[in-house]
Amino acid sequence: MGKIQYMRLKGSQNLRLRLLLSTLSTTPIIIEDIRAEATWPGLRPYEVSFLRLLEKISDDCRVEINETGTSLKYKPGIVMGGRHLVHDCGTTRSIGYFLEPLLLLGLFAKKPLSIRLKGITNDSKDPCVDTFRSTTLPMLKQFGVPSEGLELKIESRGVPPLGGGEVVLSVPIIQDSLKAITWIDEGMVKRIRGHTFSTKVSVQFENIMIHAARGIFNSFLPDVHIFTDHKAGQQAGNSPGYGISLVAETTSGCYISADTSVSYAQGKEEGELEEEKQELSPPEDVGIKIANILLGEIEQGGVVDSTHQGLLFLLCALCPQDVSKVRVGKLSPYGIGVLRHIRDFLGVKFVIKPDPSTETVILKCVGCGLKNLSRKIS
């Protein structure tokens, strides 16, 4: 057995993406200088938690972290999947941070994946679980992922700072590979759907948010339905909070989403000292703000919103060796980072062509032809 060739990377940015691509392309990596100059050097608790999660769902995966946590050696194993797995995501980052990589790894696993994740279901930093269920999962169906066995159950809610939420994610395995797509028709918005939630606060908060958001949408289109989800007792988690997730569905089957939630923030973030309890923003402002954000996403154009660009590019790059063509609005910084990492790990280059008439961007690539080789062949 020869010496293992490691790919060397620096810095803490896009750590989750690097680990995901390393696992999918079976490239061992060494990452150095992880926040070496920061006041709190090294890996954050949620990044360590993500590494533990990778160990749980794969076989023969090796992780070595130095004493200060500023350097990490990762040799990926075979993604096994499996049922009845449980992982506590902690309270420093929401479950949304862990869902996206799990989804991609689950598709290329040996057995279908079913995992219970505990922690924060809704916060203002990562996409919330409602958005994931209403926007991310339908997006996979475009790439030929079977819809049976693909679901996310929200069992209880949890907001910062104490979390306490639980979700169950089920991902089927793909039989051979994804299917290449041409997805450039964004269509017109035909309806808007949404979910509000509230935990340990009055249910009136949801009605006020809905009223404010509808006040903006109803001047554009009549078909607006926003559902409420008020949780109490055990299902409400450990902290008070409320939030809203909106999805615009277009005539060509695209889903554009926006979400936010309001709760008392974590006190011990970097650079933030413990302050007296800050006032939460009123629900009316939250409803108006999120409606405007969604209208901004729709105005940008493209078949996905800016938070889903990275996932879209990853799916295109993992397709068979055929041309995929997609349209997005303005490229987000994370989207650009994903394109660079795809080039480094998978050797897939995208042809980027701006479309000045609609102010959107059309991207074309030939997939790397990743096949699910770890599945059992009956």
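The figures here come from the full heavy-atom set of this structure, side chains too, leaving out hydrogens, waters and symmetry mates. These numbers come from a predicted model, not from an experiment.
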Which pairs count as salt bridge (Lys or Arg N to Asp or Glu O under 4.0 Å) when at least one residue sits in residues 338-349, sequence neighbours excluded?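 Applying salt bridge (Lys or Arg N to Asp or Glu O under 4.0 Å) to every pair that reaches into residues 338-349, excluding sequence neighbours, yields nothing.
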Any pair counted as salt bridge (Lys or Arg N to Asp or Glu O under 4.0 Å), so long as it reaches residues 127-139, sequence neighbours left out: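 Only D130-R157 qualify under salt bridge (Lys or Arg N to Asp or Glu O under 4.0 Å).
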Taking side chain to side chain donor-acceptor pair (under 3.5 Å) as the test, write out the residues that go with [X], two or more places apart.
X: Q321; value: none
X: K231; value: D229
X: S177; value: none
X: S306; value: E297

Could you work out the complete set of other residues in the hydrophobic cluster of [X], with links drawn between I, L, V, M, F, W and Y side chains under 4.5 Å apart?
X: Y255; result: V247
X: V159; result: F197
X: V366; result: V323
X: M188; result: none

Looking only at the side chains, is there a donor atom on one of E166 and S156 sitting less than 3.5 Å from an acceptor on the other?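 There is no such pair between these side chains.
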When you compare the side chains of H230 and S198, does any donor N or O come within less than 3.5 Å of an acceptor on the partner?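 Judged by distance alone, the side chains do pair up.
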Please name the pair of heavy atoms, one in V286 and one in S281, separated by the smallest distance, quoted to 0.1 Å.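 Shortest heavy-atom separation between V286 and S281 comes out as CG2-OG, 3.6 Å.
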If you count the non-hydrogen atoms of other residues, nucleotides and ligands that lie under 6.0 Å from NZ in K153, is the total more than 12?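 It does not: K153 NZ has 12 such atoms or fewer within range.
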In terms of relative ring orientation, are H195 and F227 parallel, tilted or perpendicular, with 30° and 60° separating the classes?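 Tilted: the ring planes of H195 and F227 meet at 30° to 60°.
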Given T131, D305, T136, the one that forms side-chain hydrogen bond (donor to acceptor under 3.5 Å, both in side chains) with S257: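 Looking at T131, D305, T136, the match for S257 under the side-chain hydrogen bond (donor to acceptor under 3.5 Å, both in side chains) is D305.
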Is it possible for you to say whether F132 and I256 belong to one hydrophobic cluster, with membership spreading through side-chain heavy-atom contacts below 4.5 Å?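 As far as the 4.5 Å side-chain criterion goes, I256 and F132 are not connected within one cluster.
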Side chain to side chain donor-acceptor pair (under 3.5 Å) pairs, two or more places apart, involving residues 213-226: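 The answer is R193-D223.
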Any carboxylate oxygen within less than 4.0 angstrom of a Lys/Arg side-chain nitrogen, looking at R16 and E47?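 Not counted as a salt bridge, because no side-chain N and carboxylate O are separated by less than 4.0 Å.
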Who pairs with S58 by side-chain contact (heavy atoms from CB on, under 4.5 Å), at least two apart in sequence or on another chain?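 Partners of S58 under the side-chain contact (heavy atoms from CB on, under 4.5 Å) test: C61.
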Spatial distance of atom CG (L113) from atom CZ (R83) [nearest 0.5 Å]: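 Spacing of CG (L113) from CZ (R83) equals 9.0 Å.
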